[in-house]
Number of protein chains: 2
Amino acid sequence: MTDTEAATAPRRSDATRHAILRAARERFAADGYDRATIRAIAKDARIDPSMVMRYYGSKEGLYAAALDVDLRLPDPAAFDPQDVGRVLVSHFLDLWESNEMLSAMLRVGATSEAGAERMQGVFRDQLLPLARHMCPDPEQAATRAALCSSQVLGLALTRYILRFRPVVALSREEIVEWLGPTVQRYLTAPYPTPYP
Amino acid sequence: MTDTEAATAPRRSDATRHAILRAARERFAADGYDRATIRAIAKDARIDPSMVMRYYGSKEGLYAAALDVDLRLPDPAAFDPQDVGRVLVSHFLDLWESNEMLSAMLRVGATSEAGAERMQGVFRDQLLPLARHMCPDPEQAATRAALCSSQVLGLALTRYILRFRPVVALSREEIVEWLGPTVQRYLTAPYPTPYP
DNA sequence: GGCGTTGGCCAACAACCGTTGACCAACAAC
DNA sequence: GTTGTTGGTCAACGGTTGTTGGCCAACGCC
């Protein structure tokens, strides 16, 4: 620490910090904001609850640190614009199943005001630029991006949170086949409902 | 009560019971299961918290009584099968905006296991029969009904819970125009994606 | 060796939760 | 007028939560 904000030599406590974050994501994803207690998170990370406070200040602070989400959306130049629907749905499925962060974010978003606002930010900042590149009229980009998120989040909600049986039973390919065209239409269809 | 389970003459306490239920629905819708405390609900209903326990046994019991949801889905014979998408989306919009029960159910469903199971039941029991009437292959009815709910609940989530700005800004007609065809396809399209 | 910093545990606090049971006013029945 | 029922309040219990502060062991530096 003698250095003035230099390359931050790795501290011994970094492992603990990381363990706390990992446990916090798991608990937030499984239990939501209220039921995910600091005590339970600390027990998972095998440290004392007071350590969580010391490293992250408060429960709110821990939540903010744990759910720093990057959707890692693909580059619009990397695929055929006519495939954007399938590509996106497939990507979100990957995201949701490889990482507990999104489930955590969704559960907390449905639980607390702060969580909802953070979620707004994530989808606005990351999905909107892609929508701007894909849709015919840039003025509609926000609306179209939001429509996409309504379907994608609806899938996540029914599949990972509410666990509707038929949605859980769907295979990855079936989901892409069903939702891909929907997302495609929301992003690229010339105007509301120009098909039968 | 002297009568053996007869027409139940209206008691004086019925008003209180009803006030409790109304307050409970509001609180569950606004705060979710955990944050909707019995004390707060009782204060809204202007009675003592212990009355809630007396009338509904426990918080779980209150929740079960407050969220006895009837989707009142329209009769399949009452509209053109080609319009089922728009009819359903429009109906769900009505439902969501006329009543706080659905918001409450969604928030609690995202919060607690019991809430999620109740929600499964509601959509399975009430949406599935309609799907059976509408879709080509009855074997797929469950899947198609679940896909519909994924889109409808995704809309409700982003509009009423997370309050994504562009979704909130959409007018009723725009929503019907955008989501109607999606729901229509999920219910009646002959097979996954038989269009470009 | 002495000593400050770091990483950690322990015990407690104040607040709030669901829940309980004792108590009370009003009213109807007899 | 007594008595039983109904609708309601009040005060408390036991448990859990986020949060705080004091104490302790290990290590690096001089």
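Proteins get letters first, then strands, A, B, ... in listed order; numbering begins at 1 in each. Keep in mind that this is a model prediction, so the values were computed, not measured.
Rounded to whole Å, atom P of C/dG21 lies 12 Å from atom CZ of B/R54. Here D/dG7 presents its P atom at 8 Å from CG of B/D14, a figure rounded to the nearest Å. Between the CE atom of A/M51 and the P atom of D/dT19 there is a distance of 16 Å, given to the nearest Å. Here C/dT19 presents its P atom at 9 Å from CD of B/E60, a figure rounded to the nearest Å. If you measure from atom OH of B/Y56 to atom P of C/dT19, you get 15 Å, rounded to the nearest angstrom. A straight line from CD1 of A/I47 to P of C/dT6 spans 19 Å, rounded to a whole angstrom. One can place CG of A/L62 at 15 Å from C1' of D/dT17, the figure rounded to the nearest angstrom. Rounded to whole angstrom, the span from the OH atom of B/Y55 across to the P atom of C/dT19 amounts to 17 Å.
For the pair B/R25 and B/Y63, the cation does not sit on the ring face, since its NZ or CZ is not both under 6.0 Å from the ring centre and inside 45° of the axis.
With a 3.5 Å ceiling on both atom-pair distances, the Watson-Crick or G-U wobble partner of D/dG1 is C/dC30.
Annotation: of the two residues near DNA chain D, A/G57 and B/R17, the 5′-most nearest-nucleotide partner is B/R17.
For B/A45, the side-chain contact (heavy atoms from CB on, under 4.5 Å) partners at least two apart in sequence or on another chain are B/A19, B/I20, B/A23, B/I47. Residues that satisfy the side-chain contact (heavy atoms from CB on, under 4.5 Å) test with B/D125, not counting sequence neighbours, are absent from this structure.
Counting only N and O atoms by type, the side chains of A/S90 and A/R172 include a donor and acceptor under 3.5 Å apart. With no hydrogens or angles considered, a side-chain donor-acceptor pair links A/S150 and B/Q151 at under 3.5 Å.
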How does each nucleotide of nucleotides 11-18 of chain C score, in 5' to 3' order, for protein heavy atoms under 4.0 Å: base (B), sugar-phosphate only (S), or none (-)?
-B----BB
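A/E97 and A/R159 are joined by a salt bridge, as a carboxylate oxygen and a charged side-chain nitrogen come within less than 4.0 angstrom of each other.
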